[in-house]
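Structure, as structure tokens:
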Protein chains: 2
Amino acid sequence: MEIETATAATPHKGRPREFCVDMALAAALRVFWSKGYEGASMADLTEAMGITKPSLYAAFGNKEALFNKALDLYEREKADYMHAALDAPTARGVAERLMYGALDMYTCPENPNGCLGVITSVACGAEAECIRQAVLERGAAAKRAMLERFARAKEEGDFPPDTDAEGLAAFLTAVNQGMSVQAGAGATRAELERLVETSLKLWPGR
Amino acid sequence: MEIETATAATPHKGRPREFCVDMALAAALRVFWSKGYEGASMADLTEAMGITKPSLYAAFGNKEALFNKALDLYEREKADYMHAALDAPTARGVAERLMYGALDMYTCPENPNGCLGVITSVACGAEAECIRQAVLERGAAAKRAMLERFARAKEEGDFPPDTDAEGLAAFLTAVNQGMSVQAGAGATRAELERLVETSLKLWPGR
DNA sequence: CTATTTCCATAACGGCTGGTATATAAGTGG
DNA sequence: CCACTTATATACCAGCCGTTATGGAAATAG
């Protein structure tokens, strides 16, 4: 029926699965991304993935494990602009790459609008608390990396000497989060572009 | 058992209710505020409100109507700093009042952390879509008011002449939303203060 | 007092949730 | 051909969801 998984290296015995794990995971990511962890029901997921519930549980474990794998995929393929941004030669370059990268991702027509991390970390019932904690930890790690980068930038003279690098990291993160919220609220790409350009005009140093 | 509603002006016939509607609504607001619309179950609500489900339905209609009344209360008593901020004499004053007002509210120990509007607008399953739309409409109205204020500020010379007032409104909104996200993620008041001070240092004009 | 009205408490409703048991289909190794 | 292993399909589970019907309790009106 469906495309086989291409890893013919290990010719497993038993009945081969009829769906591609990677494609199914990508479909699951889209559902989580647009509806959030709790808003995505197993029925939503199985329908989007084109498989039945037993197949899902056999291949991915359970809903929580599926989400974590989708989150890995998200960071690897969608949010890699964050890591790339930190390699920019100047702090201004970091801010530029980060904001335009976020802008592109949030407004890409084939993606849901907004940031999966923001969506998942904001609010949840009691049973999703560990999911929320996992997402928060990734956000904290990203912020730590940005902080180190800005500390270096300050040493390199990218900022005026009285600059609060930690405050600037929180600031850049906040604008990014706000952009995600506004994208989810239906802001157009043109509106978000003006937000980015305004923010960069205010950005200090080089 | 509980405190009676103080409106003895109309001595209704029939059995009087044993709880205070306003206090129950305030309790419901706290639940929605910390768990979101979908994350707040009727069991959560009735427990926090100290009433049973039939009492809730008799007094407030249903979950959606209860949320809308809680949202009214929120705007009236918690988010009034937004309207107050627009009365500041200069655009910088608007930004100051808005950010410090948000900071105070997001970090007040007796409030849940973050902004109810952001929490509710971010992600939801299908059945909460109309709730989300209602919240988005209020956010859009707030943004429109800020936009008008900044257009006036530009005429009054609060900004450099080449300023994008619309971009600045989106910017201020984004920082506010980001602050809400970070507050919900567990940021300390000190961290958010540095975010606010950094943002105000970058804010243009007077 | 009774009649009436309103509220409270219990318990239940249909529907959906995440998660599974069972039976069958489709492959491989002998 | 026959085991054996793995995946699929159907049906089902207990539990929670928002919501409501039912019966009794507490007030006023006459």
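The chains referred to below are lettered A, B, ... by the order of the sequence lines, with proteins before strands, and numbering in each begins at 1. The figures here come from the full heavy-atom set of this structure, side chains too, leaving out hydrogens, waters and symmetry mates.
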Worksheet item: In whole Å, what is the span from the NZ atom of Lys63(B) to the P atom of dT20(D)?
Response: 14 Å
Response to the item:
Between CD of Glu38(A) and P of dC16(C) the distance, given in whole Å, is 19 Å
Response to the item:
Glu127(A) CD to dA14(D) P, in whole Å, measures 21 Å
Worksheet entry | Separation of dA12(C) P from Lys53(B) NZ (nearest whole Å) | 13 Å
Worksheet entry | Spacing between Leu56(B) atom CG and dA9(C) atom C1', to the nearest angstrom | 14 Å
Worksheet item: Do Arg189(B) side-chain atoms and Cys108(B) backbone N/O form a donor-acceptor pair below 3.5 Å?
Response: no
Worksheet item: Quick one: is the NZ or CZ of Lys63(A) closer than 6.0 Å to the six-membered ring centre of Tyr37(A), and within 45° of its axis?
Response: yes
Discussion item. Need one value for Ala59(B): base, sugar-phosphate or nothing, where a base atom within 4.0 Å counts as base even if backbone is also close, heavy atoms only.
Written reply: nothing
Item to complete: Calculate the interatomic distance between Lys35(A) atom NZ and dC16(C) atom P; express it in whole Å.
Response: 13 Å
Item to complete: Give Ala126(A) one of three labels, base, sugar-phosphate or nothing, depending on what nucleic acid heavy atoms sit under 4.0 Å from its own.
Response: nothing
Worksheet item: In whole Å, what is the span from the OH atom of Tyr37(B) to the P atom of dC17(D)?
Response: 13 Å
Pull out every protein N or O sitting under 3.5 Å from an N or O of nucleotides 6-8 of chain C, one pair per line with the distance.
from: dT6(C); atom 1: O2; to: Arg15(B); atom 2: N; distance (Å): 3.3
from: dC7(C); atom 1: O4'; to: Arg15(B); atom 2: O; distance (Å): 3.4
from: dC7(C); atom 1: O2; to: Arg15(B); atom 2: NH1; distance (Å): 3.1
from: dC8(C); atom 1: OP1; to: Glu18(B); atom 2: N; distance (Å): 2.8
from: dC8(C); atom 1: OP2; to: Ser55(B); atom 2: OG; distance (Å): 3.0

Worksheet entry | Partners passing ring-ring contact (aromatic ring centres under 6.0 Å, His included) against Phe60(B) (at least two apart in sequence or in another chain) | none
Practice prompt. Round to a whole Å and report the spacing from CG of Asn62(A) to P of dT20(C).
Written response: 8 Å
Worksheet entry | Pairwise 5' ranking along DNA chain D for Asp44(B) and Gly61(B), keeping only the more 5' one | Asp44(B)
Item to complete: Start with the C-alpha distance between Tyr106(A) and Tyr100(A), add both sets of side-chain angles, then the distance that settles ring pair (Phe, Tyr, Trp, His ring centres under 6.0 Å), and finish with yes or no.
Response: CA-CA 10 Å; Tyr106(A) 295 163; Tyr100(A) 281 111; over 10 Å; no
Worksheet entry | Geometric class of the Phe150(B)/Trp203(B) ring pair [parallel <30°, tilted 30-60°, perpendicular >60°] | tilted
Discussion item. Is a donor from one side chain sitting under 3.5 angstrom from an acceptor on the other, for Thr173(B) and Asn176(B)?
Written reply: no
Item to complete: Please check if the side chain of Arg30(A) supplies one atom and the backbone of Ala48(A) the other of a donor-acceptor pair under 3.5 Å.
Response: no
